[in-house]
Amino acid sequence: MRTQVGIVGAGPAGLTLAHLLHLQGIDSVVIEARSRAYIESRVRAGVLEAPSVALLHEIGVGERLGREGLGHEGTILRFSRRSHRIDFTALTGSMITVYGQQEVVKDLVAARVSSGRPLFFEVEDVSLIDVDGDRPRINFVHEDQEQTVECDFIAGCDGFHGISRGAVPAGLLAIFERVLPYAWLGILARTHPSTTELIYANHEDGFALHSMRTPEITRQYLQVEPGTDLADWPDDRIWAELSKRLADDEGFHLEEGEIFDKGITPMRCFVAEPMQYGALFLVGDAAHIVPATGAKGMNLAIADASTLAHALGGHYLGATDEPLRAYTRTCLGRVWRVQHFSSWMTSMMHRAPDQDDFDRRLQLSQLDYVTSSTAAATSLAENYVGMPFPTPWAWTR
Ligand code: FAD
Ligand code: DHB
(Lines give C-alpha, C1' and ligand atoms only; values in the text may rest on other atoms or scores of the structure.)
(Ligands and ions follow the chains in the order given, each with its own letter.)
Protein backbone atom coordinates (compact mmCIF):
# COMPACT_ATOMS: atom_id res chain seq x y z
CA MET A 1 0.00 0.00 0.00
CA ARG A 2 1.07 3.53 -0.63
CA THR A 3 -0.37 6.62 1.09
CA GLN A 4 0.57 10.19 1.89
CA VAL A 5 0.21 9.96 5.69
CA GLY A 6 0.34 6.71 7.68
CA ILE A 7 -1.50 7.09 11.01
CA VAL A 8 -0.76 4.70 13.89
CA GLY A 9 -3.61 4.66 16.44
CA ALA A 10 -7.33 5.48 16.24
CA GLY A 11 -7.82 7.48 19.42
CA PRO A 12 -8.94 11.13 19.42
CA ALA A 13 -5.56 12.21 17.95
CA GLY A 14 -5.39 9.74 15.04
CA LEU A 15 -9.06 9.98 14.09
CA THR A 16 -9.17 13.80 14.21
CA LEU A 17 -6.04 13.98 12.09
CA ALA A 18 -7.39 11.43 9.58
CA HIS A 19 -10.62 13.39 9.12
CA LEU A 20 -8.88 16.77 8.80
CA LEU A 21 -6.56 15.31 6.15
CA HIS A 22 -9.51 13.78 4.30
CA LEU A 23 -11.27 17.17 4.20
CA GLN A 24 -8.16 18.63 2.57
CA GLY A 25 -7.99 15.83 0.01
CA ILE A 26 -4.92 14.26 1.62
CA ASP A 27 -4.78 10.48 1.62
CA SER A 28 -4.08 8.47 4.78
CA VAL A 29 -4.15 4.92 6.14
CA VAL A 30 -5.15 4.45 9.79
CA ILE A 31 -4.16 1.34 11.73
CA GLU A 32 -5.47 0.49 15.22
CA ALA A 33 -4.40 -2.31 17.57
CA ARG A 34 -7.81 -2.78 19.19
CA SER A 35 -11.25 -3.65 17.82
CA ARG A 36 -13.83 -1.03 16.86
CA ALA A 37 -16.10 -2.17 19.72
CA TYR A 38 -13.25 -1.82 22.20
CA ILE A 39 -12.24 1.75 21.29
CA GLU A 40 -15.88 2.83 21.10
CA SER A 41 -16.56 1.73 24.67
CA ARG A 42 -13.28 2.60 26.43
CA VAL A 43 -14.19 4.97 29.30
CA ARG A 44 -11.84 7.91 29.65
CA ALA A 45 -12.11 11.70 29.62
CA GLY A 46 -15.34 13.65 29.28
CA VAL A 47 -14.74 17.39 29.02
CA LEU A 48 -14.30 19.21 25.70
CA GLU A 49 -12.79 22.68 25.58
CA ALA A 50 -14.53 25.33 23.48
CA PRO A 51 -11.94 25.18 20.62
CA SER A 52 -12.28 21.35 20.45
CA VAL A 53 -16.08 21.66 20.22
CA ALA A 54 -15.79 24.34 17.53
CA LEU A 55 -13.44 22.14 15.49
CA LEU A 56 -15.66 19.03 15.77
CA HIS A 57 -18.63 21.10 14.54
CA GLU A 58 -16.63 22.62 11.70
CA ILE A 59 -15.47 19.23 10.43
CA GLY A 60 -19.01 17.88 10.35
CA VAL A 61 -18.92 15.48 13.32
CA GLY A 62 -20.73 17.72 15.80
CA GLU A 63 -24.33 16.74 15.18
CA ARG A 64 -24.73 14.31 18.12
CA LEU A 65 -22.33 16.38 20.22
CA GLY A 66 -24.65 19.38 19.72
CA ARG A 67 -27.69 17.29 20.64
CA GLU A 68 -26.34 15.20 23.53
CA GLY A 69 -23.38 17.22 24.86
CA LEU A 70 -24.01 19.16 28.07
CA GLY A 71 -22.85 22.77 27.79
CA HIS A 72 -21.47 24.06 31.11
CA GLU A 73 -21.00 27.79 31.64
CA GLY A 74 -19.11 27.39 34.89
CA THR A 75 -17.74 25.01 37.50
CA ILE A 76 -17.78 24.74 41.29
CA LEU A 77 -14.71 24.74 43.51
CA ARG A 78 -15.66 23.38 46.94
CA PHE A 79 -13.44 23.70 50.02
CA SER A 80 -13.95 24.28 53.75
CA ARG A 81 -17.52 23.00 53.17
CA ARG A 82 -18.44 25.97 50.95
CA SER A 83 -19.01 26.22 47.18
CA HIS A 84 -17.56 28.89 44.93
CA ARG A 85 -18.58 29.16 41.30
CA ILE A 86 -16.16 30.06 38.52
CA ASP A 87 -18.34 31.62 35.83
CA PHE A 88 -16.59 30.72 32.54
CA THR A 89 -19.02 32.59 30.32
CA ALA A 90 -18.94 35.83 32.31
CA LEU A 91 -15.14 35.71 32.60
CA THR A 92 -14.18 34.52 29.10
CA GLY A 93 -17.30 34.52 26.89
CA SER A 94 -16.77 30.76 26.40
CA MET A 95 -17.86 27.48 27.96
CA ILE A 96 -17.01 23.77 28.00
CA THR A 97 -19.05 20.75 26.90
CA VAL A 98 -19.39 17.47 28.78
CA TYR A 99 -19.37 14.60 26.26
CA GLY A 100 -17.64 11.24 26.78
CA GLN A 101 -14.41 10.53 24.91
CA GLN A 102 -15.84 7.28 23.57
CA GLU A 103 -18.69 9.28 22.02
CA VAL A 104 -16.15 11.53 20.26
CA VAL A 105 -14.38 8.37 19.07
CA LYS A 106 -17.67 6.85 17.78
CA ASP A 107 -18.49 10.03 15.83
CA LEU A 108 -15.00 10.17 14.29
CA VAL A 109 -14.94 6.45 13.40
CA ALA A 110 -18.31 6.89 11.66
CA ALA A 111 -16.91 9.84 9.70
CA ARG A 112 -13.83 7.85 8.71
CA VAL A 113 -15.89 4.86 7.59
CA SER A 114 -18.17 7.05 5.49
CA SER A 115 -15.15 8.76 3.87
CA GLY A 116 -14.31 5.34 2.39
CA ARG A 117 -10.64 5.75 3.29
CA PRO A 118 -8.81 2.83 4.97
CA LEU A 119 -9.03 2.12 8.70
CA PHE A 120 -7.67 -1.25 9.86
CA PHE A 121 -8.67 -2.57 13.30
CA GLU A 122 -6.95 -5.29 15.34
CA VAL A 123 -3.56 -4.92 13.68
CA GLU A 124 -0.53 -6.61 15.26
CA ASP A 125 3.28 -6.46 15.19
CA VAL A 126 3.40 -2.81 14.14
CA SER A 127 6.85 -1.41 13.35
CA LEU A 128 8.05 1.85 11.83
CA ILE A 129 10.87 1.55 9.30
CA ASP A 130 13.27 4.16 7.89
CA VAL A 131 11.44 7.08 9.54
CA ASP A 132 14.41 9.40 8.93
CA GLY A 133 15.29 7.93 5.52
CA ASP A 134 14.05 7.94 1.91
CA ARG A 135 11.32 5.27 2.25
CA PRO A 136 9.42 5.69 5.51
CA ARG A 137 6.98 2.83 6.01
CA ILE A 138 4.83 0.99 8.50
CA ASN A 139 4.84 -2.79 8.73
CA PHE A 140 1.98 -4.62 10.43
CA VAL A 141 -0.02 -7.81 10.40
CA HIS A 142 -3.75 -7.74 9.67
CA GLU A 143 -5.88 -10.89 9.55
CA ASP A 144 -2.67 -12.95 9.45
CA GLN A 145 -1.39 -11.07 6.38
CA GLU A 146 1.82 -9.04 6.53
CA GLN A 147 1.22 -5.52 5.24
CA THR A 148 3.44 -2.57 4.40
CA VAL A 149 2.27 1.04 4.06
CA GLU A 150 4.73 3.31 2.28
CA CYS A 151 4.19 6.91 3.39
CA ASP A 152 5.51 10.42 2.95
CA PHE A 153 4.84 11.04 6.65
CA ILE A 154 3.97 8.92 9.69
CA ALA A 155 1.78 10.24 12.50
CA GLY A 156 2.44 8.42 15.78
CA CYS A 157 -0.98 8.72 17.45
CA ASP A 158 -0.72 5.51 19.46
CA GLY A 159 -0.93 6.86 23.00
CA PHE A 160 1.50 6.70 25.90
CA HIS A 161 2.12 2.92 25.63
CA GLY A 162 2.37 2.82 21.82
CA ILE A 163 5.43 2.00 19.73
CA SER A 164 5.91 5.28 17.83
CA ARG A 165 7.88 7.20 20.45
CA GLY A 166 10.30 4.26 20.61
CA ALA A 167 11.11 4.72 16.90
CA VAL A 168 13.04 7.88 17.80
CA PRO A 169 16.62 7.00 18.80
CA ALA A 170 16.71 7.30 22.60
CA GLY A 171 19.50 9.85 22.71
CA LEU A 172 17.54 12.29 20.55
CA LEU A 173 14.54 12.64 22.87
CA ALA A 174 14.57 14.77 25.99
CA ILE A 175 12.13 13.26 28.50
CA PHE A 176 10.54 15.40 31.21
CA GLU A 177 8.66 13.28 33.70
CA ARG A 178 7.08 13.55 37.12
CA VAL A 179 5.16 10.68 38.66
CA LEU A 180 2.70 12.20 41.16
CA PRO A 181 1.86 10.56 44.52
CA TYR A 182 -1.83 10.31 43.53
CA ALA A 183 -4.16 8.13 41.52
CA TRP A 184 -7.86 8.58 40.68
CA LEU A 185 -10.49 5.97 41.34
CA GLY A 186 -13.17 6.74 38.72
CA ILE A 187 -16.74 5.41 38.60
CA LEU A 188 -19.70 5.60 36.28
CA ALA A 189 -23.01 5.37 38.15
CA ARG A 190 -26.62 5.20 37.05
CA THR A 191 -27.89 8.25 38.90
CA HIS A 192 -28.91 11.82 38.17
CA PRO A 193 -26.10 14.33 38.70
CA SER A 194 -26.44 16.02 42.08
CA THR A 195 -25.62 19.43 40.56
CA THR A 196 -25.85 21.06 37.16
CA GLU A 197 -22.07 21.78 36.99
CA LEU A 198 -18.91 19.85 37.89
CA ILE A 199 -17.74 20.05 41.51
CA TYR A 200 -14.00 19.99 42.24
CA ALA A 201 -13.75 19.34 45.99
CA ASN A 202 -10.69 19.92 48.13
CA HIS A 203 -11.10 17.91 51.34
CA GLU A 204 -8.62 17.19 54.14
CA ASP A 205 -8.85 13.48 53.32
CA GLY A 206 -8.24 14.04 49.60
CA PHE A 207 -9.71 15.34 46.36
CA ALA A 208 -13.13 14.35 44.97
CA LEU A 209 -14.73 15.26 41.64
CA HIS A 210 -18.42 15.11 40.83
CA SER A 211 -18.88 14.97 37.05
CA MET A 212 -21.43 13.50 34.67
CA ARG A 213 -21.99 12.04 31.23
CA THR A 214 -25.74 12.40 30.68
CA PRO A 215 -28.72 13.56 32.78
CA GLU A 216 -28.96 9.92 33.97
CA ILE A 217 -25.26 9.00 34.41
CA THR A 218 -22.63 10.48 36.71
CA ARG A 219 -18.85 10.19 36.46
CA GLN A 220 -17.10 10.68 39.79
CA TYR A 221 -13.55 10.43 41.03
CA LEU A 222 -11.73 10.00 44.35
CA GLN A 223 -8.07 10.69 45.01
CA VAL A 224 -6.50 7.40 46.15
CA GLU A 225 -2.92 6.24 46.68
CA PRO A 226 -1.00 4.93 43.66
CA GLY A 227 -1.07 1.13 43.70
CA THR A 228 -4.57 1.07 45.24
CA ASP A 229 -6.40 -2.23 44.67
CA LEU A 230 -9.99 -1.83 43.45
CA ALA A 231 -10.90 -4.86 45.56
CA ASP A 232 -10.39 -2.64 48.63
CA TRP A 233 -13.08 -0.27 47.37
CA PRO A 234 -16.50 -1.91 47.46
CA ASP A 235 -19.35 0.34 46.31
CA ASP A 236 -20.43 1.29 49.86
CA ARG A 237 -16.97 2.57 50.66
CA ILE A 238 -16.89 4.63 47.45
CA TRP A 239 -20.25 6.27 48.19
CA ALA A 240 -19.31 6.96 51.82
CA GLU A 241 -16.03 8.60 50.78
CA LEU A 242 -17.61 10.64 47.97
CA SER A 243 -20.38 11.84 50.34
CA LYS A 244 -17.85 12.86 52.95
CA ARG A 245 -15.47 14.66 50.61
CA LEU A 246 -18.22 16.43 48.64
CA ALA A 247 -20.23 17.48 51.74
CA ASP A 248 -20.91 21.18 52.35
CA ASP A 249 -22.84 23.33 54.81
CA GLU A 250 -25.24 24.51 52.12
CA GLY A 251 -27.53 21.47 51.83
CA PHE A 252 -25.71 19.43 49.12
CA HIS A 253 -27.03 15.88 48.86
CA LEU A 254 -25.19 13.23 46.84
CA GLU A 255 -27.50 10.93 44.87
CA GLU A 256 -26.36 7.29 44.85
CA GLY A 257 -27.04 4.62 42.25
CA GLU A 258 -25.71 1.47 40.62
CA ILE A 259 -21.97 1.67 39.88
CA PHE A 260 -21.41 -0.01 36.50
CA ASP A 261 -17.81 0.91 35.74
CA LYS A 262 -14.78 1.35 38.04
CA GLY A 263 -11.13 2.00 37.26
CA ILE A 264 -7.92 3.42 38.68
CA THR A 265 -5.77 5.89 36.72
CA PRO A 266 -2.28 6.90 37.85
CA MET A 267 -1.34 10.57 37.70
CA ARG A 268 1.76 11.64 35.88
CA CYS A 269 3.34 14.49 33.95
CA PHE A 270 5.34 13.49 30.87
CA VAL A 271 6.69 15.38 27.87
CA ALA A 272 8.98 14.04 25.10
CA GLU A 273 10.83 16.66 23.05
CA PRO A 274 11.04 17.12 20.12
CA MET A 275 7.72 15.82 18.79
CA GLN A 276 9.19 15.13 15.34
CA TYR A 277 11.98 12.91 14.03
CA GLY A 278 12.44 12.75 10.24
CA ALA A 279 9.09 11.84 8.71
CA LEU A 280 7.62 10.82 12.09
CA PHE A 281 5.37 13.22 14.02
CA LEU A 282 4.23 12.35 17.56
CA VAL A 283 0.66 13.43 18.30
CA GLY A 284 -1.31 13.43 21.60
CA ASP A 285 -0.49 11.03 24.46
CA ALA A 286 2.32 9.48 22.38
CA ALA A 287 4.29 12.65 23.19
CA HIS A 288 2.80 13.89 26.47
CA ILE A 289 0.63 13.11 29.48
CA VAL A 290 -0.84 15.72 31.80
CA PRO A 291 -2.34 15.13 35.27
CA ALA A 292 -6.12 14.61 34.91
CA THR A 293 -7.26 17.60 37.03
CA GLY A 294 -8.61 20.06 34.47
CA ALA A 295 -9.53 17.41 31.87
CA LYS A 296 -6.97 18.34 29.25
CA GLY A 297 -5.63 15.07 27.77
CA MET A 298 -8.16 14.57 24.98
CA ASN A 299 -8.17 18.29 24.17
CA LEU A 300 -4.39 18.37 23.80
CA ALA A 301 -4.60 15.36 21.48
CA ILE A 302 -7.16 17.18 19.30
CA ALA A 303 -5.05 20.38 19.32
CA ASP A 304 -1.90 18.50 18.21
CA ALA A 305 -3.87 16.75 15.46
CA SER A 306 -5.25 20.04 14.18
CA THR A 307 -1.79 21.63 14.27
CA LEU A 308 -0.33 18.76 12.24
CA ALA A 309 -3.24 18.76 9.77
CA HIS A 310 -2.73 22.48 9.25
CA ALA A 311 1.00 21.94 8.66
CA LEU A 312 0.47 19.01 6.25
CA GLY A 313 -2.17 21.05 4.40
CA GLY A 314 0.38 23.83 3.89
CA HIS A 315 2.86 21.26 2.59
CA TYR A 316 0.59 19.40 0.15
CA LEU A 317 -1.08 22.55 -1.16
CA GLY A 318 2.39 23.88 -1.92
CA ALA A 319 1.76 26.93 0.27
CA THR A 320 4.57 26.58 2.81
CA ASP A 321 6.56 24.02 4.82
CA GLU A 322 7.15 26.43 7.67
CA PRO A 323 4.28 25.13 9.91
CA LEU A 324 5.64 21.57 9.43
CA ARG A 325 9.09 22.69 10.52
CA ALA A 326 7.50 24.55 13.45
CA TYR A 327 5.30 21.59 14.55
CA THR A 328 7.24 20.81 17.75
CA ARG A 329 7.54 24.47 18.71
CA THR A 330 3.86 25.20 18.06
CA CYS A 331 2.63 22.15 20.00
CA LEU A 332 5.01 22.47 22.92
CA GLY A 333 3.87 26.03 23.66
CA ARG A 334 0.40 24.68 24.36
CA VAL A 335 1.63 21.44 25.97
CA TRP A 336 3.67 23.25 28.61
CA ARG A 337 0.87 25.76 29.29
CA VAL A 338 -1.51 22.87 29.86
CA GLN A 339 1.14 20.95 31.84
CA HIS A 340 1.45 23.95 34.14
CA PHE A 341 -2.31 24.48 34.46
CA SER A 342 -3.05 20.81 35.17
CA SER A 343 -0.17 20.56 37.68
CA TRP A 344 -1.36 23.74 39.39
CA MET A 345 -4.98 22.54 39.58
CA THR A 346 -3.74 19.20 40.90
CA SER A 347 -1.59 20.72 43.64
CA MET A 348 -4.40 23.10 44.64
CA MET A 349 -7.04 20.35 44.91
CA HIS A 350 -5.19 17.25 46.24
CA ARG A 351 -3.84 16.27 49.62
CA ALA A 352 -0.13 15.48 49.26
CA PRO A 353 1.08 12.55 51.42
CA ASP A 354 3.66 14.82 53.05
CA GLN A 355 1.38 17.85 53.34
CA ASP A 356 2.01 19.81 56.54
CA ASP A 357 -0.01 22.62 58.14
CA PHE A 358 2.00 25.24 56.30
CA ASP A 359 1.22 23.62 52.91
CA ARG A 360 -2.45 23.37 53.91
CA ARG A 361 -2.62 27.10 54.73
CA LEU A 362 -0.99 27.95 51.39
CA GLN A 363 -3.50 25.75 49.56
CA LEU A 364 -6.48 27.37 51.29
CA SER A 365 -5.05 30.83 50.60
CA GLN A 366 -4.74 29.94 46.90
CA LEU A 367 -8.31 28.65 46.81
CA ASP A 368 -9.57 31.82 48.57
CA TYR A 369 -7.69 33.96 46.07
CA VAL A 370 -8.84 32.13 42.94
CA THR A 371 -12.48 32.28 44.07
CA SER A 372 -12.47 35.92 45.22
CA SER A 373 -10.24 37.76 42.75
CA THR A 374 -11.67 38.35 39.29
CA ALA A 375 -8.14 38.40 37.84
CA ALA A 376 -7.25 35.00 39.37
CA ALA A 377 -10.62 33.45 38.45
CA THR A 378 -10.26 34.71 34.88
CA SER A 379 -6.88 33.03 34.59
CA LEU A 380 -8.36 29.70 35.73
CA ALA A 381 -11.38 30.09 33.43
CA GLU A 382 -9.29 31.05 30.38
CA ASN A 383 -7.10 27.96 30.78
CA TYR A 384 -10.06 25.69 31.53
CA VAL A 385 -12.17 26.64 28.51
CA GLY A 386 -9.06 26.36 26.30
CA MET A 387 -7.08 28.63 24.04
CA PRO A 388 -7.24 28.60 20.23
CA PHE A 389 -5.01 26.29 18.14
CA PRO A 390 -4.09 26.28 14.41
CA THR A 391 -6.71 24.77 12.09
CA PRO A 392 -6.30 23.74 8.44
CA TRP A 393 -8.86 26.33 7.36
CA ALA A 394 -6.05 28.90 7.08
CA TRP A 395 -5.31 27.41 3.65
CA THR A 396 -8.85 27.51 2.33
CA ARG A 397 -10.15 30.86 3.59
P1 FAD B 1 -5.27 7.29 22.92
O2 FAD B 1 -6.66 7.68 23.20
O3 FAD B 1 -4.54 6.48 23.94
O4 FAD B 1 -5.29 6.52 21.55
C5 FAD B 1 -4.19 5.77 21.09
C6 FAD B 1 -4.70 4.63 20.23
O7 FAD B 1 -3.60 3.93 19.69
C8 FAD B 1 -5.49 3.62 21.05
O9 FAD B 1 -6.73 3.38 20.42
C10 FAD B 1 -4.60 2.39 21.08
O11 FAD B 1 -5.36 1.19 21.11
C12 FAD B 1 -3.84 2.54 19.78
N13 FAD B 1 -2.54 1.86 19.74
C14 FAD B 1 -1.65 1.69 20.74
N15 FAD B 1 -0.56 1.04 20.29
C16 FAD B 1 -0.76 0.79 18.99
C17 FAD B 1 -0.01 0.15 17.97
N18 FAD B 1 1.20 -0.37 18.22
N19 FAD B 1 -0.53 0.07 16.74
C20 FAD B 1 -1.75 0.59 16.45
N21 FAD B 1 -2.52 1.21 17.38
C22 FAD B 1 -2.03 1.32 18.63
N23 FAD B 1 -8.05 12.69 30.35
C24 FAD B 1 -8.83 13.57 30.94
O25 FAD B 1 -8.75 14.73 30.55
N26 FAD B 1 -9.70 13.21 31.96
C27 FAD B 1 -9.82 11.91 32.36
O28 FAD B 1 -10.62 11.61 33.24
C29 FAD B 1 -9.01 10.96 31.75
N30 FAD B 1 -9.08 9.66 32.12
C31 FAD B 1 -8.25 8.76 31.53
C32 FAD B 1 -8.30 7.43 31.95
C33 FAD B 1 -7.41 6.50 31.41
C34 FAD B 1 -7.45 5.07 31.86
C35 FAD B 1 -6.46 6.93 30.43
C36 FAD B 1 -5.46 5.95 29.84
C37 FAD B 1 -6.46 8.25 29.99
C38 FAD B 1 -7.33 9.19 30.56
N39 FAD B 1 -7.32 10.52 30.15
C40 FAD B 1 -8.12 11.41 30.74
C41 FAD B 1 -6.45 11.02 29.11
C42 FAD B 1 -7.13 11.05 27.75
O43 FAD B 1 -8.07 10.03 27.66
C44 FAD B 1 -6.03 10.95 26.71
O45 FAD B 1 -5.22 12.10 26.83
C46 FAD B 1 -6.51 10.80 25.29
O47 FAD B 1 -7.10 9.51 25.10
C48 FAD B 1 -5.35 10.99 24.29
O49 FAD B 1 -5.74 10.64 23.00
P50 FAD B 1 -4.72 9.97 22.00
O51 FAD B 1 -5.47 9.78 20.73
O52 FAD B 1 -3.46 10.73 21.99
O53 FAD B 1 -4.36 8.56 22.63
C1 DHB C 1 -13.73 14.66 33.99
C2 DHB C 1 -12.39 14.35 34.01
C3 DHB C 1 -11.49 15.28 34.47
O4 DHB C 1 -10.17 14.98 34.47
C5 DHB C 1 -11.90 16.52 34.90
O6 DHB C 1 -10.99 17.41 35.36
C7 DHB C 1 -13.24 16.84 34.87
C8 DHB C 1 -14.15 15.89 34.41
C9 DHB C 1 -14.70 13.67 33.49
O10 DHB C 1 -14.27 12.56 33.16
O11 DHB C 1 -15.90 13.95 33.48
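These numbers come from the heavy atoms of this one structure, side chains and all, not from hydrogens, waters or symmetry mates. Each ligand, and each atom within it, is numbered from 1 in the order the structure gives.
The shortest N or O to N or O distance between Ala292 and ligand 2 is under 3.5 Å. Checked against a 3.5 angstrom limit, the closest N/O atoms of Ala295 and ligand 2 fall inside it. Considering backbone and side-chain atoms together, Arg213 places an N or O closer than 3.5 Å to an N or O of ligand 2. Residue Trp184 places no N or O, backbone or side chain, under 3.5 Å from any N or O of ligand 2.
Taking the six-membered ring for Trp and the full ring otherwise, His142 and Phe121 have centroids separated by 6.0 Å or more.
Here Asp205 does not pair with Arg351 in a salt bridge; the nearest charged N to carboxylate O distance is not below 4.0 Å. The residues Asp356 and Arg361 are annotated as not salt-bridged, no charged nitrogen and carboxylate oxygen being separated by less than 4.0 angstrom.
If you number the atoms of ligand 2 from 1 as listed, the ones under 4.0 Å from a heavy atom of Gly294 come out as 6 (O). Listed by number with element, the atoms of ligand 2 under 4.0 angstrom from any heavy atom of Ser211 are 8 (C), 9 (C), 11 (O). Less than 4.0 angstrom separates some heavy atom of Val47 from each of these atoms of ligand 2: 7 (C), 8 (C). Contact atoms of ligand 2 toward Leu198: 7 (C), 8 (C) (distance under 4.0 Å to a heavy atom of the residue). Near Tyr221, with a cut-off below 4.0 Å to any heavy atom, the atoms of ligand 2 are 1 (C), 2 (C), 9 (C), 10 (O).
Between the side chains of Tyr221 and Arg219, at least one donor N or O lies within less than 3.5 Å of an accepting N or O.
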Could you give me the CA-CA distance, side-chain angles and deciding distance for Trp239 and Gln220, then say whether side-chain hydrogen bond (donor to acceptor under 3.5 Å, both in side chains) is met? CA-CA 10 Å; Trp239 287 121; Gln220 308 189 57; over 6 Å; no

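The nearest heavy-atom contact from the protein to atom 6 (O) of ligand 2 is Tyr200 OH, 2.6 Å.
Protein residues with any heavy atom under 4.0 Å from ligand 1: Val8, Gly9, Ala10, Gly11, Pro12, Ala13, Ile31, Glu32, Ala33, Arg34, Ile39, Arg42, Arg44, Ala45, Gln101, Val126, Cys157, Asp158, Gly159, Gly162, Ile163, Tyr221, Thr265, Gly284, Asp285, Ala295, Lys296, Gly297, Met298, Ala301.
Here Leu209 has side-chain heavy atoms under 4.0 Å from ligand 2, and that is the only part of it that gets that close.
By the 30° and 60° cut-offs, the orientation of the rings of Phe120 relative to Phe140 is tilted. Using bins of under 30°, 30° to 60° and over 60° for the plane-to-plane angle, the ring pair Phe176/Trp336 lands in the perpendicular bin.
For Leu230, the side chain to side chain contact (heavy atoms under 4.5 Å, CB included) partners two or more places apart in sequence, or in a different chain, are Leu185, Lys262, Ile264.
In this structure, the side chains of Ser52 and Leu55 stay at 4.5 Å or more apart for every pair of heavy atoms. Annotation: side chain of Gln339 is in contact with side chain of Pro291 (closest heavy-atom distance under 4.5 Å).
The one candidate from His72, His210, Arg85 that meets the side-chain hydrogen bond (donor to acceptor under 3.5 Å, both in side chains) condition with Glu197 is Arg85.
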